[in-house]
Amino acid sequence: MMNIDLKKQTRVIKENLFSSPVSTLLTFLTSYIMISFFRGMFGFATAPDKDWLSVLNNMQLYMVQAYPESDFIRIWICVGLGFIFSGLSVGLWETGEKTSLSKLCLTFSKIIFGIIFLTLIAPTTSVIVSTATGIREQVDVFSYAERIPLLSILLGLLVVFFLLSKINLNFNKSFLVSIYLFVPIVFLWLMKIPTIKLDAENQRVFPDPLMPIANSTKIPWTLIWMSFVAAYLIGIYFKNKKQFKTAVSISWVLLPLLIFSWIFKKPLIDLNELIRNDIPVFIGFLLVGVLTIYFINNKIVEKFYGYYLGLLVIVTLASLFLKVILLVKAGLLLLLLFSVIIPAVSTSAKGKRSLTIVWIVSLTTTAFLLEGGTSTTQIVVPGSSIFGGFSLTWLLAIFGTYVSFPLGVLLALGRNSSLPIIKGVCTGIIELVRSVPYITWLFFASVTMAVFLPDGVEFNLIVRVLIVTAFFSGAYFAENIRGGLQSIPKGQFEAADAIGMNTVQKTSLIVLPQALRAIVPTLVSSIITGFKDSSLVTIIGLFDFLTIGRMVIGNQSIPINFIGHDRENLLFIALVYWIFTFTLSRRSMKFEKRLGLGER
Amino acid sequence: MNKKAIVFLLVFAMVIVACGDTTDDAAVEATEEEHDHEGESTLEQVQERGFLKCGVSTGATGFTEVGDDGSYSGFDVDYCYAVAAAIFGDYSKVEFKQLTSAERFTALSAGEIDVLIRNTTWTQSRDTELGNDFGPTTYYDGQQLMGRVADGLSNSSTVADIDGLRVCTNAGTTTEKNITERVGLAGGTIQLITVEAFSEAIDKFIAGECDIVTTDGSGLVGRRAVNDALNDWVIFPTSPISKEPLGPTYRSNDSQWADIINWTVYATIIADEYGVTAANVDSADLEANPELGRLFGANDGELQTKMGLSADAYYNVIKQVGNYDEIFSRNLNPLGLFREGGDNDRWVDGGLIYAPPAR
């Protein structure tokens, strides 16, 4: 694999890079531009007046802003759950694609070759710095002598990869993900970055230059990685269980709800009340539901079922106006909806079993979310928004998609509807939202929305922004989906009509699956746009990832002076944005390939 | 049970759910409306809410800063803490709203915030046209220019000396108007380069894309110290080209609220005049200084209770936040800004910091 056929390589280079005078010129021109760009960036990053500690020291601010340290466990649980479900999904939907160690080594060797080349062409900057004694002296940054250790390490790695490539070993491609995630964990344990402390005279001291970076994040990340691998293995094991796949898909939808009810709020659990009220109510509902499912075919039950339903309707109706705990109201509503569908579904043993599972899961989830969501206590931060930095960027990106996608589907269907009022309203909403810039909507959320809300009703700024974002991206989603709807040939509708499907069946079984499949690329690009556009919230004083680097860190004078160090932070932010958007777009390309888009 | 009945019941259930929801919401609104009377004063709203909403800057060195753990500090931030200490006896009962200069006044008049302490200059138009009132000035600033010694500029240079130079400043503020106005009066012409944030202006100045950078003096001093250019860059003219009195801003027509803010500021100044600090406030001799006694509520605190505050409101301010001098030195001395001999010195020492007597 690694034996380079020199003649063949020369020919490839000649054919691809220097095939004609014009392409030769273009090759040189592009390489020149690329190399000088790299040298410029490298010189910028290594200049001694850059204080990269301003990035590292503010990592907590970047990630969660003012979230109280005592409650970090909530964030870790949230991140951990995300990783566990990712692990399960990777395992469950793994494609079984194989890759070999030698192939992998070849890729790494290529990367190392690239790094060696970059190390060689990197510039040496000479700068004059004034030392502590006041003498000004010239210092070479990244001189050739300094590069030799680095180069020898790289060459050593190259040899290692060459030797590894001789081993014949095949493994699953999706398994690679856990290896890739393992690398940063190892770095967390090994890398040593000085932490800044100040002495009595406010001068910086570096107490222990060998102190490992961010002690507080090391253990949680390791645990999360281990649960990821465990989840991946569990996922592989249950690969052929269809119910398991459905459960994981549903969990993905429920996960954000959990964040809002248990991470945003800070429920105080009163154990007494829990045992006296909530648990008996919960068990009562559970039993009633299960018993109804199993005894529905009994003659006597069947006879009186109509009366039972009527009674249930009245009781539910009454409970809404009575002063009972919320769990009773929600449980009654849920029971009513279930009781209505029980006679239709619970006809076979299999139907009974799956309906019981659905009943238990939905009741438990409702109770659990209600417990958190109805809590009046929440986490207190000094600023106006509990989310800031990277957590805010993610919140806007994920919730923007999470809420706006169903909204978009509804709006698109409404716009295509044959009922004039629905059609008019949906068209109106889409056109109104799309014809006003996003920034204007943000200002609307920030200062004007309070006027439209009834007196005394007050939403948190973040919630207002989420509402606006949901409508804004929803309108764009709707137009994308409408494009998908129109791409469906008329024959499909006629065929559906011919076999006697009604409108709901036609839409949900024939039209939507095909329409959504056709627009996956557009949807992913919308999600990426949403992720990047979230930085616009800076205009209304919310502190997203970008704003923290741009406006906050460059103004810090207490306790550590980072005034004016905003350019290195901007570079760091650009890198992080690039990593995430690049990964997203790569993933979506793979996803499209699996759906077979563009091939049929 | 036939299918039709099922569908009917389903629809019926939906209708009930819908009705139930609306009635529920209406009930909630009704109860909430009871709390939200029309002419409720700002103080009542704040006390009912349990915390103060204070509008601060998105980032102004020394005035509003966010630390690496997300905590707030700075000169303006400390005055927000002081107001909260006066109202609740607990300085931490503040929710900070970081506002850009574009939305600060809208946020104030829309009721998003209770008080705006965001290095905002007191001007006639802002006072009269926007429905705001300004409290006592906490910091007397003024616009200055910063240039390079290499360009032949010195401490004694004036606006006339920058004729033909490139000047960087941030857009949309009074700074931009002031410099154009002053250069025009001096008969010169400049090339004005406007940027969004002041840090960009400094970056351009360092990169050599402009010869002069201008903003409030407090902003320039810190930047010069940080960039290790005390000998290479000069700040001029000695008397600033504009007056920038910075202080708290609140909505008009609520004099009770205005009094609370104003007297919180005055209390810090009076305490400074008597040399009472957070450390020694407990041992202050209230018998010998009756004014301090009245301010700290020693004799049943009539002055404070009439304002709707507790008798020891201003004692809490000094105890928890500190006096004017402490607030100033804590936040601005590290930047190289000092009170001595400047406008922000005590009135007895030739400065402008003065408070009416507490009687």
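Labels below follow one simple rule: chain letters A, B, ... track the order of the sequence lines, proteins then strands, and each chain is numbered from 1.
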Asks: Using non-hydrogen atoms only, which part of B/V94 is less than 4.5 Å away from chain A: side chain, backbone, both, or neither?
Replies: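 Backbone only.
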Asks: So, do A/T547 and B/T58 sit near enough that their side-chain heavy atoms are less than 4.5 Å apart?
Replies: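 Of all side-chain heavy-atom pairs linking B/T58 with A/T547, none is under 4.5 Å.
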Asks: Heavy atoms only: give me the nearest A/A66-B/G70 pair and the separation to one decimal.
Replies: CB-O, 3.5 Å
Asks: Can you tell which part of B/E112 gets under 4.5 Å to a heavy atom of chain A, answering side chain, backbone, both or neither?
Replies: side chain
Asks: State the OG-CG distance between B/S199 and A/L570, to the nearest 0.5 angstrom.
Replies: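 Between atom OG of B/S199 and atom CG of A/L570 there are 8.0 Å.
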Asks: Is A/N58 close to chain B through its backbone or its side chain, or both, or neither, when contacts mean heavy atoms under 4.5 Å?
Replies: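 Both backbone and side chain.
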Asks: Hey, is the main chain of B/E65 close enough, under 3.5 Å, to the side chain of A/N555 for a donor-acceptor pair?
Replies: no
Asks: Where does A/S339 contact chain B at under 4.5 Å (heavy atoms): side chain, backbone, both or neither?
Replies: neither
Asks: Does a salt bridge link A/R550 with B/E200, judged by any charged N lying under 4.0 Å from a carboxylate O?
Replies: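 Salt bridge: yes.
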Asks: Given a strict heavy-atom distance threshold of 4.5 Å, which part of B/L335 is in contact with chain A: side chain, backbone, both, or neither?
Replies: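 Just the side chain, heavy atoms under 4.5 Å.
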Asks: Quick one: of B/A107, B/G67, B/A110, who has the most non-hydrogen atom pairs under 4.5 Å with chain A?
Replies: B/G67
Asks: Do the non-hydrogen side-chain atoms of B/D203 and A/D566 ever get within less than 4.5 Å of each other?
Replies: yes
Asks: Could you grab the distance from atom CD1 of A/I540 to atom CD of B/Q98, nearest 0.5 Å is fine?
Replies: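 Reported to 0.5 Å precision, the distance equals 12.5 Å.
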Asks: Which of residues 76-84 of chain B get closer than 4.5 angstrom to chain A, counting heavy atoms alone?
Replies: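 Interface residues of residues 76-84 of chain B: none, nothing closer than 4.5 Å to chain A.
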Asks: With a 4.5 angstrom heavy-atom cut-off, which part of A/I539 approaches chain B: side chain, backbone, both or neither?
Replies: backbone
Asks: Which bit of B/T100 is near chain A, if near means a heavy-atom gap under 4.5 Å: side chain, backbone, both or neither?
Replies: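 Contact with chain A involves the side chain of B/T100 alone.
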Asks: For A/I563 and B/R223, work out which heavy atoms get closest and say how close.
Replies: CG2-NE, 3.3 Å
Asks: With a 6.0 Å cut-off (strictly less than), is the heavy-atom count around OH of A/Y308, excluding the residue itself, greater than 12?
Replies: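 Buried by this count: over 12 neighbours within 6.0 Å.
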Asks: Go through the atoms of B/N331 and report whether side chain, backbone, both or neither lie under 4.5 Å from a heavy atom of chain A.
Replies: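 For B/N331, backbone and side chain are both near chain A.
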Asks: Can you measure from CG (A/N57) to CG (B/D69) and round to the nearest 0.5 angstrom?
Replies: 10.0 Å
Asks: With a 6.0 Å cut-off (strictly less than), is the heavy-atom count around OH of B/Y91, excluding the residue itself, greater than 12?
Replies: no
Asks: Counting only non-hydrogen atoms closer than 4.5 Å, does A/F543 touch chain B with its backbone (N, CA, C, O), its side chain (CB onward), both, or neither?
Replies: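 Side chain only.
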Asks: Mind checking whether B/D68 and A/Q60 have side chains closer than 4.5 Å, heavy atoms only?
Replies: no
